[in-house]
Amino acid sequence: MARVAVVTGGTRGIGEAISLALKEAGITVAANYAGNDEKAAAFTERTGIKAYKWDVGDFDACAAGVAQVEAELGPVDIVVNNAGITRDGTILKMTRDMWEDVIRINLGGCFNMAHAVFPGMRTRKWGRIVNIGSINGQAGQYGQVNYAAAKSGIHGFTKALAQEGARFGVTVNAIAPGYIDTDMVAAVPTDVLEKIVAKIPVGRLGQAHEIARAVAFLCAEEGGFVTGSTLSINGGQHMY
Ligand SMILES: NC(=O)c1ccc[n+]([C@@H]2O[C@H](COP(=O)([O-])OP(=O)(O)OC[C@H]3O[C@@H](n4cnc5c(N)ncnc54)[C@H](OP(=O)(O)O)[C@@H]3O)[C@@H](O)[C@H]2O)c1
């Protein structure tokens, strides 16, 4: 029977490319999203992949969402924790809500999803969890103490959970993308983006499918010896 994957934030941007790459690898994919019903419906029509709405920052919603996917598609073998938001501002301008939303969704979402699927993966002695971190969690970024803290936390979370999963065939890895051409980056002011691209040695933004390719590798049967790693995919911008 085909493996089943949940890709959080799987209906657009990097997540859409990941959903498609896993589908192409013969995996049955459930794409989660937060609230953009229009984009989710268009995604399902385009790809044939079913979309499921819940907030990854909500612990109970993740448990219920995973239960629904398992009832409809079968036990979840793979989770890609890709859902993420930015709420940028220097610390002087950052409100407590901006801090808490980013930590709750970006980092808390990884915990909530892993907590929902880990027992089943452990019992079945096979699982793949891939967490999408960021170059800004490795290097820091002006105006992003919330995002950098959450993404840096994801990298630590990955290494700790990898140790818990290793004996049970459950691998846990992270990918740290650099700047990828998605809606999230389109929100960055043009002058700031030009300065960012000037610092990328390959001279361009990354493409979502370049991240998806690596996720598919980590989720493959042959990926079983790769665990606790963080793969940087950033055009040489930060060599970690
Ligand atoms: N783009 C980059 O340059 C870049 C670089 C490094 C890391 N990353 C990371 O890569 C991931 C994907 O980024 P992206 O640029 O593809 O983002 P994006 O285009 O803004 O898409 C974000 C996706 O996450 C979903 N989402 C947001 N909050 C959610 C929540 N609370 N619960 C469930 N789903 C939620 C969105 O759902 P809706 O459509 O319903 O809003 C959407 O599907 C993020 O974790 C981001 O931090 C991106």
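Start at 1 and go down the list; that is how both ligands and their atoms are numbered. Everything numeric here is computed off the predicted structure, so don't read it as measured data.
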Nearest to atom 3 (O) of ligand 1, what protein heavy atom do you find, and at what distance? Ile180 N, 2.7 Å
Short list, please: which atoms of ligand 1 are under 4.0 Å from a heavy atom of Val185? 1 (N), 2 (C), 3 (O)
Is Asp88 salt-bridged to Lys93, cutoff N-O under 4.0 Å? no
My understanding is that we take every heavy atom of each candidate and find the minimum distance to atom 32 (N) of ligand 1. Doing that for Asp101, Val56, Asn81, which one comes out nearest? Val56
Which residue supplies the protein heavy atom nearest to atom 6 (C) of ligand 1, what is that atom called, and how far is it? Pro177 O, 3.4 Å
Among Asn82, Ile105, Asp183, closest by heavy atom to atom 11 (C) of ligand 1 is Asn82
Heavy atoms, side chains only, cut-off 4.5 Å: are Cys219 and Leu22 in contact? yes
Under the side-chain hydrogen bond (donor to acceptor under 3.5 Å, both in side chains) test, which residues partner Glu210, sequence neighbours left out? Arg204
Just so I know, are the side chains of Arg87 and Tyr147 near enough to count as touching, which here means a heavy-atom distance under 4.5 Å? no
Taking heavy atoms and a distance under 4.0 Å, where does Lys39 meet ligand 1: side chain, backbone, both or neither? neither
So the atoms of ligand 1 within less than 4.0 Å of a heavy atom of Trp54 turn out to be 32 (N), 33 (C)
Charged N to carboxylate O below 4.0 Å: is that the case for Asp77 and Arg128? no
Of the listed options Asp55, Thr86, Ile85, Val188, closest to atom 28 (N) of ligand 1 (non-hydrogen atoms): Ile85
Contact atoms of ligand 1, heavy-atom distance to Tyr147 under 4.0 Å: 6 (C), 7 (C), 8 (N), 9 (C), 46 (C), 47 (O)
Is Ile14 close to ligand 1, meaning an N/O of one under 3.5 Å from an N/O of the other? yes
Do Lys151 and ligand 1 have an N or O pair less than 3.5 Å apart? yes
Is it the side chain, the backbone, both or neither of Asn32 that has a heavy atom closer than 4.0 Å to ligand 1? side chain
Nearest to atom 10 (O) of ligand 1, what protein heavy atom do you find, and at what distance? Ile132 CG2, 3.4 Å
Nearest option to atom 7 (C) of ligand 1, as decided by whichever heavy atom of Gly133, Ala208, Gly84 sits closest: Gly133
Ile175 side chain near Thr230 side chain, heavy-atom distance below 4.5 Å: no
Lys53: heavy atom below 4.0 Å from ligand 1, yes or no? no
For the 3.5 Å polar cut-off, considering only N or O atoms, please tell me whether Gly35 and ligand 1 meet it. yes
Do Asp183 and Lys39 sit within salt-bridge range, that is, some charged N less than 4.0 Å from a carboxylate O? yes
For atom 29 (C) of ligand 1, what is the nearest protein heavy atom, given as residue, atom name and distance? Ala34 CB, 3.4 Å
Neighbour count >12 (heavy atoms, 6.0 Å) for atom CD, Glu38: no
Quick check against the 3.5 Å criterion: does Asn131 have a side-chain atom that pairs as donor or acceptor with the backbone of Ala174? no
Nearest non-hydrogen protein atom to atom 1 (N) of ligand 1, with distance, is Thr182 OG1, 3.0 Å
Arg3/Glu221 ion pair, N-O < 4.0 Å: yes
What are the two closest heavy atoms between Gly178 and Ile135, and how far apart are they? CA-CG2, 3.8 Å
Test your reading of the structure: does Gly10 have an N or O sitting under 3.5 Å from an N or O of ligand 1? no
Considering residues, nucleotides and ligands other than Arg46, do more than 12 of their heavy atoms fall under 6.0 Å from its CZ? yes
Have a look at Gly178, Gly57, Gly65, Gly9 and point out the one with the heavy atom closest to atom 5 (C) of ligand 1. Gly178
Nearest protein heavy atom with distance in Å, relative to atom 39 (O) of ligand 1: Arg12 NE, 2.6 Å
Which ligand 1 atoms, with their elements, are less than 4.0 angstrom from a heavy-atom of Tyr179? 3 (O)
Residue list, salt bridge (Lys or Arg N to Asp or Glu O under 4.0 Å) with Asp191, at least two apart or on another chain: none
